[in-house]
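Notes follow once the structure below has been shown.
Each chain gets a letter, A, B and so on, in the order its sequence line appears, and its residues count up from 1. Nothing here was measured: the structure is a model prediction, and the numbers come from that model.
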Protein chains: 2
Amino acid sequence: MSTTSTTSTTPQTAPRRATITDVAREAGTGKTSISRYLNGEMSVLSPDLRARIEAAIARLDYQPNQMARGLKRGRNRLIGMLLADLTNPYTVEVLQGVEAACHALGLMPLICHAANEVEMERRYLQLLTTYRVEGVIVNALGVREETLRPVVGSGIPAVLVDRLVDGLVADMVGLDNRAAAELGTRHLLESGFDEIWFAVQPFEQVSSRQLREAAFREAMGAQAGQAGQAGQAGQVGQVGQVGQGGKGRARGHTLVLNLADTAEVERSLAELDRAIDAATNAGHSGRGGNLANSGGAARPAAPHSRRIALFAANAPVALCLALHLKARYGADWQSRVALLSIDDPDWAELTGVTTIRQPTYEIGYRAVEFLHERIEGVQTAARDCLLPGELIVRASTSR
Amino acid sequence: MSTTSTTSTTPQTAPRRATITDVAREAGTGKTSISRYLNGEMSVLSPDLRARIEAAIARLDYQPNQMARGLKRGRNRLIGMLLADLTNPYTVEVLQGVEAACHALGLMPLICHAANEVEMERRYLQLLTTYRVEGVIVNALGVREETLRPVVGSGIPAVLVDRLVDGLVADMVGLDNRAAAELGTRHLLESGFDEIWFAVQPFEQVSSRQLREAAFREAMGAQAGQAGQAGQAGQVGQVGQVGQGGKGRARGHTLVLNLADTAEVERSLAELDRAIDAATNAGHSGRGGNLANSGGAARPAAPHSRRIALFAANAPVALCLALHLKARYGADWQSRVALLSIDDPDWAELTGVTTIRQPTYEIGYRAVEFLHERIEGVQTAARDCLLPGELIVRASTSR
DNA sequence: CTGTTAGCGCTTTCAG
DNA sequence: CTGAAAGCGCTAACAG
């Protein structure tokens, strides 16, 4: 690395940008006409004047100052886009839709990445407010009505993405969580798994997670025959009834994975490991040794063991599970447990994991459309736009 | 989906935000004092006045308008961050560093995602200019000096990330490409591979790709014994000399993968397949049928076959290769070819692919620091900051 | 210590 | 068709 450091501070004499006044002078006319030209009011300009202006602008390489325009007009075409976590492929994809829509509607998105920090979130929201954005699209984490106060309180329209915010009434667009979770669960059930673990991050605060988890439990309860009682929701809730390998009812569990806390994750995964070993009929002795069960190294899972599947509530959770399983059971972990995930990251295809793809692009696009309408003054009651997910079956669940 | 559409357009009567004038009136003083308060010039305010102002601000929930401040001051603390492709994990990681640095330096990054569209790139650069950002950090694709003209021409400082821009002299921070490529190549060589394919996107335009490819060729040429002549660089260049399985010199090839063109990719991959099948001594009758060379279809890799490795110039290329190989050779493709990639995406660990991790966070952080210095007027000659990559050996190359 | 006075660059009445 | 004048919300000399 070569980093010279001749710190010779001397406030650069930037070749001052041309202003509307300069152009007016250069074109031998008044600022008003220039302004008219800039705003496309061509019909009100004589061809001659128009030509002179055009020339002057070119000669001076003039570019109108958006800030100034915004100040005067009271609208700057800026909207804020608050993202909880760019590390999640979901977010990036939604963003693509947002960008496309903004482009189409002449808006400029101010992208703010909270990087999973509630504090950042607050800071950005506040910042967006001071920059007088015309609206905000929010996909955040700990957002409570209170956090959104500075913006919503200022009368700045907001539309929510993926999750609702408790006290707040606002448009929201996202996945049809209930349907998606049900779709996934049914697929697993139909594929004949006897035990399904729904892994999800702490969901008390996040509506989408809540809905997914609830729908999973319901779907488990509604298996084929009679309806089952809903299991209690807790660290590790239990849903449905025990099914003995064959055709009985499949068993359902909820596993909370607090990705923000390594120790907790560790504990949850241990819980899971125990279940897998049990279901799979294979004793597994910790990090050193392994599987000293069935004599022959034949198949990893004993013949009559229960088939177990993991249902990840989103990509980050799925990745966490996959990494763990791979570390524990080796490259061949999928022969032991199936994995299904909501979200469809690139490694899913590579790894053969079944997923439920969210219509991310459209989610982003619609969000901007909603926001745009609000900005234009539409007064409709808060709307919810729930888009369907698409099941992509891969090797993991279709052996 | 439920989307009501009672489009009752009625330009919302937003509860107008309080202005500095309102506060002044409310506090029974002049705007100047308010301004002073806002700018922390507390020492110049009597405790009494100060208290009144404080109260007034709170009462009115006043928030200074950044646009107006910027207009007056001539600086708005905004910097532009132009990204070529958020889909690439590298980009997101760099962004984290950028955000952290901005936070620390009191800057607000305007993130612009070109999504691999040269046109977008131009548009955004232009836009950033009109918003009068104080500087830009550029990580772009087709950027030629010309595209950057609007900004650099305006005297707006710019710092490049990852790649240089031909005609432009500006600070740049990125990976030490030569060292990284050499590191990777040497690792492969030392691991005993007999044939190495360096896969890279078209590199004529992108300095970092160029450097990586060149360094790869050099490293191949500099193998153990005598130096070998540099192979020609072309669609499929050849480097180094043929080595017969055992201890001879390893053979090197460059494979260009134009990810933007499916057909081209197809062709390049076919080329690669042939090589793999040949090296691997195994007839593989793919869906089209091919390789009618070696008779027996015995084990995937014959005993005395050459060991072949792929060296991907970055994550997108690596992903493309991995997906293809998996599709062609099944889940067990890694027993046939080894894969090493510059960049360390999450699926690398999951999949056991060896990588060279870039110090992404630091790259982003340094870029902002450089830019900040420039904004403050530092006049030093253009600097290059080359950070080292870290080799992360995984199963793929360490059997 | 505090207020008055000019604008920053642009849009928008309101008269020509 | 065209321009002069009055600000948008805020800061920065200058005087008190």
| said: What is the separation between atom CG on A:D48 and atom C1' on D:dT2, rounded to the nearest whole Å? | reply: 12 Å
| field | B:E134 bridged to B:R73 by N-O distance under 4.0 Å | value | no
| field | Check: A:M42 main-chain N/O paired with A:R36 side-chain donor or acceptor under 3.5 Å | value | no
| task | For the helix from C:dC1-D:dG16 to C:dG16-D:dC1, figure out the bend between the end axes, five pairs an end, and round to 10 degrees. | result | 40°
| task | Figure out the OH/P separation between A:Y37 and D:dT2, and round it to whole Å. | result | 14 Å
| request: Could you tell me whether A:S43 contacts a base, only the sugar-phosphate backbone, or nothing, with contacts defined as non-hydrogen atoms closer than 4.0 Å? | output: sugar-phosphate
| Taking NZ, NE, NH1 and NH2 as the nitrogens, is one of them in B:E373 or B:R366 under 4.0 Å from a carboxylate oxygen of the other? | no
| task | Taking B:S207 for its side chain and B:L164 for its backbone only, find out whether a donor-acceptor pair lies under 3.5 Å. | result | yes
| field | Nucleotides bounding contact with chain B, strand DNA chain C, heavy-atom threshold 4.0 Å | value | C:dC1 to C:dG9
| task | Quick one, give me the B/S/- string for nucleotides 10-16 of chain D, reading 5' to 3', where B means a protein heavy atom under 4.0 Å from the base and S means that only happens at the primed atoms, P, OP1 or OP2. | result | BBBBB--
| field | With sequence neighbours excluded, residues passing side-chain hydrogen bond (donor to acceptor under 3.5 Å, both in side chains) with A:E369 | value | none
| request: Would you jot down, in residue-number order, the residues of residues 50-60 of chain B having a non-hydrogen atom under 4.0 Å from DNA chain C? | output: none
| field | From B:L160 atom CG to B:N139 atom CG, the distance as rounded to the nearest 0.5 Å | value | 9.0 Å
Taking only distance into account, with no hydrogens and no angle test, what donor-acceptor pairs under 3.5 Å do side-chain atoms of residues 108-118 of chain B form with protein atoms, sequence neighbours excluded?
residue	atom	partner	partner atom	Å
B:H113	ND1	A:E99	OE1	3.1
B:H113	ND1	A:E99	OE2	3.3
B:H113	NE2	B:L86	N	3.0
B:H113	NE2	B:A115	N	3.4

| Between B:Q96 and B:Y365, a side-chain donor and acceptor under 3.5 Å | no
| field | Donor-acceptor under 3.5 Å (A:R132 side chain, A:T129 main chain) | value | yes
| Basic-acidic side-chain contact under 4.0 Å: B:R17, B:D61 | yes
| query | Any side-chain donor-acceptor pair under 3.5 Å between A:Y62 and A:E26? | reply | no
| request: Determine, stepwise, if the pair B:D171 / B:C385 fulfils side-chain contact (heavy atoms from CB on, under 4.5 Å). | output: CA-CA 8 Å; B:D171 294 335; B:C385 177; over 6 Å; no
| Taking the six-membered ring of B:F370 as reference, does the NZ or CZ atom of B:R383 fall below 6.0 Å from its centre and within a 45° cone about the axis? | yes
